[in-house]
Amino acid sequence: MKDFNYIQPDSLSQAGKYLSNRNNDAVILSGGTDLLSLIKENIYTNENVVNLKTIPNLNNIKYKKGEGLTIGALTKISDVAESKIIKEKFTVLAEAAKEIASLQLRNMGTVGGNICQRPRCWYYREDFDCIKKGGGECFAYQGENKYHCIIGGGPCYIVHPSDLAVALTALDAKVKLFFDDSSRIIPIHEFFILPEDDYLFENILRDGEIVTEIIIPDLPDGAKSSYIKIKERETWDFAVVSAAAVISKKGSNIKSGKIAYGGVAPIPWTEEIINKSLKNLNADKNEIEKISKIILADAEPLEKNKYKVILAKNLVKRILTNLVLDA
Amino acid sequence: MSKDSESNKISRRNFLGKAGTGIVGSTILISSIGAADKTGPDLAEAPPIDPKETDILNLWVNGKKQKLKINPSSTLAEVLRNKLNLTGTKIVCNQGACGGCTVVMDNKAVYACHMLALDAAGKKVVTIEGLLEGEELNHLQEAFIEKDGLQCGFCTPGQIMSAYALLLSKPNPNREDIMEAMSGNICRCGAYPNILDSVLLAVQNKN
């Protein structure tokens, strides 16, 4: 691995100041499970690595009824997967956390790092001068694109690799960011950006800006949620397609619901038209079938990933059936 | 070259020893050439310093407190193997994907090849060597021998450390618990059925 210096700030303020000075050529280290891969593959060549793990108060899970859940960005993914309150109340998030990589990596990786991880596209990870690395073109577009996006692509065709981001999108989470000694809170759908807006990055973070907390509004009593991830092997794999759904029921009707998809787009994907159609829906088998037919209507799959459209539609059928009919 | 360099009192061996220390070494080399005619301390005999070893790491390994001078870009696996000679921890894929480097840190399984050694500062690390109870093998190790939980054996230290971490948090796991907790450890020989049986036997023997 290329040599670098290990910078250990005592506070967020110190870390932010160091990171925002471009002369420092610095990068954030949280769990390091993605960063070390990027350094080992010479994709990142920063001189300084800034460890956030020993900054106090960034590693905790708090729940207050009526207000919701907050998760510090440095919380380990395994702590989210095992948290009693998250398993009970925000099931979709615990299930997504449990689907991530392997136990060892969940013990190392953090929530903040998970939503900020870089894409798994093989052209990005391997020795190709692709558009995301500042090169001229996306090699996946006409190349090996089995695992690439079917919607929202261009000029770069990655899919966002984070499982948590998909669950957090379905939960209408917010992200708290620290910059220049002050904080701002933004909805998670504003955090992620499409390649058409900026193909070099997957989110709006500026130099020196740090994700410090995830905020999830409380769910009504009786709300149900679930995360299903389709992968090519049972363990330690990224999603081919995944779906997160959060549903509130009233009698046999769905009162409101939200579905988000992973593995289909460069950001966690959700469709307002589908979420609206879930409102006050008498969710029987036929209605679920109808919804699964109209999801991802604007998909433009590439040559080798047309299968993802069918997979996503069936996945939505399965997740709604599980949540609504098998209850 | 030998005659000239001998007249300057710099042998090939000394030269390599000095040059090998990089930037710091080259300054020493120049100053020692200048001072060659006078008698002074033979700097070439000083122990070679790796100028990249700039950071101090304090941690506990197998119950022993260690204070080490390391390169900040060293992984925990590299430090365990190269600094502490604990070569039971294997570096196999070196990208946090196979589990051969699994050690237990603060009672949880982690990939030592894919974390910085400095991230283990202040932590308690247990490696396969730490499972020995005096000269006796740990009951997990005994079970792996009894149930033949390996073929080539290269993944075995990692497998055993994953199982060890599981038993710390869940002393009576069932088959599914074991499969789930150990799914981050790959065995290319495919000895999985025997690995499972080994862990189950260890659980049974402990009870």
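To find a chain, count down the sequence lines: A is the first, B the second, and so on, and within it residues start at 1.
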Check: In terms of heavy-atom proximity below 4.5 Å to chain B, should A/Lys2 be classed as side chain, backbone, both, or neither?
Finding: backbone

Notebook entry, point to check: Checking A/Asp3 against chain B: side chain, backbone, both or neither under 4.5 Å from a heavy atom?
Noted result: both

Checklist line | Separation of A/Thr235 OG1 from B/Met182 CE (nearest 0.5 Å) | finding: 12.0 Å

Notebook entry, point to check: Can you tell me how far SG of B/Cys101 sits from CD of A/Gln104, rounded to the nearest 0.5 angstrom?
Noted result: 8.0 Å

Check: Any side-chain heavy atom of B/Glu180 sitting closer than 4.5 Å to one from A/Lys98?
Finding: yes

Next item on the list: Return the option, out of A/Leu35, A/Thr54, A/Thr33, with the maximum number of heavy-atom pairs under 4.5 Å with chain B.
Entry: A/Thr33

Note to self: Is it the case that over 12 heavy atoms from other parts of the model lie below 6.0 angstrom from the CZ atom of A/Arg233?
What the structure shows: yes

Notebook entry, point to check: Can any side-chain N or O of B/Lys108 pair as donor or acceptor with the backbone N or O of A/Ser78 at less than 3.5 Å?
Noted result: no

Margin query: What's the separation between atom NE2 in B/His114 and atom NZ in A/Lys40, rounded to the nearest 0.5 Å?
Written below: 5.0 Å

Check: Is the CG atom of B/Asp148 crowded by more than 12 outside heavy atoms at less than 6.0 Å?
Finding: yes

Next item on the list: For B/Gly184 and A/Ser102, work out which heavy atoms get closest and say how close.
Entry: CA-CB, 3.5 Å

Notebook entry, point to check: In Å, rounded to the nearest 0.5 Å, how long is the span from CE of A/Met1 to CG of B/Asn94?
Noted result: 7.5 Å

Item checked: Single hit among B/Leu116, B/Leu57, B/Ile70 for side-chain contact (heavy atoms from CB on, under 4.5 Å) with A/Tyr6 -> B/Leu116

Check: Is the count of non-hydrogen atoms from other residues, nucleotides or ligands lying under 6.0 Å from A/Arg318 atom CZ greater than 12?
Finding: no

Margin query: Would you say OH of B/Tyr192 has more than 12 non-hydrogen atoms from neighbouring residues, nucleotides or ligands within 6.0 angstrom?
Written below: yes

Next item on the list: Taking atom CD of B/Glu133 as the centre, report whether more than 12 heavy atoms of other residues, nucleotides or ligands fall under 6.0 Å from it.
Entry: yes

Check: Is the CG atom of A/Asp127 crowded by more than 12 outside heavy atoms at less than 6.0 Å?
Finding: no

Notebook entry, point to check: Heavy-atom distance under 4.5 Å to chain B: side chain of A/Ile39, backbone, both or neither?
Noted result: neither

Checklist line | Full working for side chain to side chain donor-acceptor pair (under 3.5 Å) between B/Ser183 and A/Glu234 | finding: CA-CA 9 Å; B/Ser183 62; A/Glu234 274 289 298; over 6 Å; no

Check: For atom NZ of B/Lys52, is the number of surrounding heavy atoms from other residues, nucleotides or ligands below 6.0 Å larger than 12?
Finding: no

Notebook entry, point to check: Counting heavy-atom pairs under 4.5 Å to chain A, which of B/Ala181, B/Ala97, B/Ala165 comes out on top?
Noted result: B/Ala97

Notebook entry, point to check: Do any N or O atoms from the side chain of A/Asn107 and from the backbone of B/Ala109 form a donor-acceptor pair under 3.5 angstrom?
Noted result: yes

Check: Do you know which of B/Asn71, B/Thr54, B/Asp106, B/Asp119 has the most heavy-atom pairs with chain A at a distance under 4.5 angstrom?
Finding: B/Asp119

